Amino acid sequence: MSRTRIPLRLAAAVSLAAALAACSSTPTRSGAPDEDPTRHASGYLQGDAIPDSLALSPAPPAPGSVWAQLDEAVAREAIGMRGSARFQQAHVDADLSFPAGAEQFSCALGVAVTAQDTPTLYTLLERSRIDASAATKAAKHHYQRPRPFMVNNEPTCTPEDEQDLRKSGSYPSGHTSIGWAWALILAEIDPEHATALIERGRNYGHSRLVCNVHWFSDVQQGRFMGAATVARLHDNPEFVADLAKARRELAYARTLKRSLPRDCAAETAALTSDISEAR
């Protein structure tokens, strides 16, 4: 009888380890109604190919330092945006689940990214999201920096995420790393819209400031880790092949003239409000 129990226990342990490995420190609100629950994406990068954020990230600003004072000044200005259209946009930007995540850059791109019309690009964004998030984990776990809302006791734009956010270090910003990686990737795929896409990557990170869940230095380092991720992705043959396919898909998708999934005029108007100190 013991011969049958040991393999069963081993199988259970392997299943548990796989489930834990799939967890991300960046909440993704995986309960999106249109998301296929049986579909599990994986990143392109594995092991040492994932940028080491602990080696690449200096310690976050020390309390009382000039940089910490800048973080606090940015946070104070960001709190003043609570209840505004920019605050509501920060709530929208917080959703990294798919298919919602694929829509985050649709206005800047001018095309709806969907699993039906642009399946390779859709998957590329989903997989690079995992890589850019993984690239921030080592530093997050090491520094365990408290998030702004834990210090100033002011509300966030995503109260439903606060319990999980308290368990995840603030530095570097995972959302910013993902948004900046997406901006760089999409700008390479579609150089004609590069300026709009890079600007969207910038204000996507700033949404984390408006949301009161990240400090300015978290966002700056998150952007750095996003760029490091894209650099490593270009050494991955599967990513390079998907990049070429995605470029062809996007060109075809433009001919379909599908309606965009969100109100781009409202998004543009909301994003004109920015934080003067975060420059």
Side-chain angles (χ1 to χ4, degrees), residues 17 19-30 41-63 65 67-68 70-72 74-75 78 90 93-97 101 126-152 156-184 201 204-233 278:
L20 292 174
C23 294
S24 169
S25 60
T26 302
T28 59
R29 299 192 215 174
S30 57
S42 60
Y44 290 100
L45 305 177
Q46 304 295 327
D48 292 343
I50 299 172
D52 183 353
S53 57
L54 187 54
L56 293 172
S57 302
S65 67
W67 293 111
L70 176 59
D71 276 350
E72 292 162 3
V74 169
D93 287 352
D95 194 351
L96 285 170
S97 65
E126 192 174 18
R127 295 186 68 182
S128 59
R129 177 199 71 181
I130 295 169
D131 293 325
S133 176
T136 66
K137 287 183 180 180
K140 276 181 174 288
H141 293 333
H142 179 78
Y143 293 116
Q144 284 297 318
R145 188 185 195 187
R147 295 172 182 271
F149 75 92
M150 299 166 63
V151 176
N152 57 36
T156 72
C157 73
T158 54
E160 67 275 17
D161 290 341
E162 287 178 15
Q163 184 175 355
D164 287 335
L165 289 170
R166 288 179 182 276
K167 304 171 187 176
S168 171
S170 189
Y171 175 86
S173 166
H175 273 73
T176 301
S177 177
I178 293 165
W180 195 244
W182 281 348
L184 295 176
Y204 191 80
H206 281 194
S207 284
R208 304 310 281 165
L209 307 174
V210 177
C211 195
N212 195 34
V213 294
H214 276 295
W215 304 101
F216 184 42
S217 54
D218 302 340
V219 168
Q220 289 178 302
Q221 191 59 26
R223 197 182 299 166
F224 181 85
M225 293 312 304
T229 300
V230 175
R232 294 308 304 269
L233 282 169

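Since this is a predicted model, take the numbers as computed values, not measurements.
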Q) Under the 3.5 angstrom rule, does the side chain of Arg129 hit a backbone N or O of Leu96 as a donor-acceptor pair? A) yes
Q. Would you say the side-chain atoms of Ser53 pair up with the backbone N or O of Ala139, donor to acceptor, closer than 3.5 Å?
A. yes
Q | Pro61 to Ala68 - nearest heavy-atom pair and separation | A | CB-N, 3.6 Å
Q: Answer yes or no: is there a side-chain heavy-atom contact under 4.5 Å between Ser207 and Cys157?
A: no
Q) Can you name the closest pair of heavy atoms from His175 and Ala94 and give their distance? A) NE2-O, 2.8 Å
Q. Rounded to the nearest 0.5 Å, how far does CZ of Arg127 lie from CG of Leu45?
A. 9.0 Å
Q | Side-chain touch Thr158/Leu165, heavy atoms, less than 4.5 angstrom | A | yes
Q) Could you state the interatomic distance from CD (Gln221) to NE2 (His214), rounded to the nearest 0.5 Å? A) 12.5 Å
**Q.** salt bridge (Lys or Arg N to Asp or Glu O under 4.0 Å) against Asp131, all qualifying residues, sequence neighbours excluded
**A.** none
Q. Should the pair Arg145-Asp218 be classified as a salt bridge under the 4.0 Å nitrogen-to-oxygen rule?
A. yes
**Q.** Minimum heavy-atom distance between Gly222 and Thr176, given as atom pair plus value
**A.** C-CG2, 4.0 Å
(Q) Once rounded to the nearest 0.5 Å, what's the spacing between atom OG of Ser173 and atom NE2 of His206? (A) 10.5 Å
Q) How close do Ala183 and Gly201 get, heavy atom to heavy atom, and via which atoms? A) CB-CA, 3.7 Å
(Q) With ring-ring contact (aromatic ring centres under 6.0 Å, His included) as the test, pick out the partner of Tyr171 among Phe216, Phe224, Tyr143, Trp215. (A) Tyr143
Q: Would you give the length of the straight line joining atom CZ of Arg166 to atom CZ of Phe149, rounded to the nearest 0.5 angstrom?
A: 4.5 Å
Q) Can you check side-chain contact (heavy atoms from CB on, under 4.5 Å) on Ser177 and Arg223, steps first, answer last? A) CA-CA 5 Å; Ser177 177; Arg223 197 182 299 166; over 6 Å; no
Q) For Ser168 and Lys140, what are the C-alpha separation, side-chain angles and deciding distance, and is it a side-chain contact (heavy atoms from CB on, under 4.5 Å)? A) CA-CA 7 Å; Ser168 171; Lys140 276 181 174 288; 3.8 Å; yes
Q: Report yes if some heavy atom in the side chain of Asp161 is under 4.5 Å from a heavy atom in the side chain of Thr156; otherwise report no.
A: no
Q | Met225 vs Trp180 side-chain heavy atoms within contact, under 4.5 Å | A | no
Q: Compare every heavy atom of Thr136 with every heavy atom of Ala132, then report the nearest pair and how far apart it is.
A: O-CG2, 3.6 Å
Q) Where does the angle between the aromatic ring planes of Trp182 and Tyr204 fall among parallel (under 30°), tilted (30 to 60°) and perpendicular (over 60°)? A) tilted
**Q.** Separation between CG of Leu184 and OG1 of Thr229, rounded to the nearest 0.5 Å
**A.** 10.0 Å
Q | Point-to-point distance, once rounded to the nearest 0.5 Å, from CD1 of Ile50 to CD1 of Ile130 | A | 10.5 Å
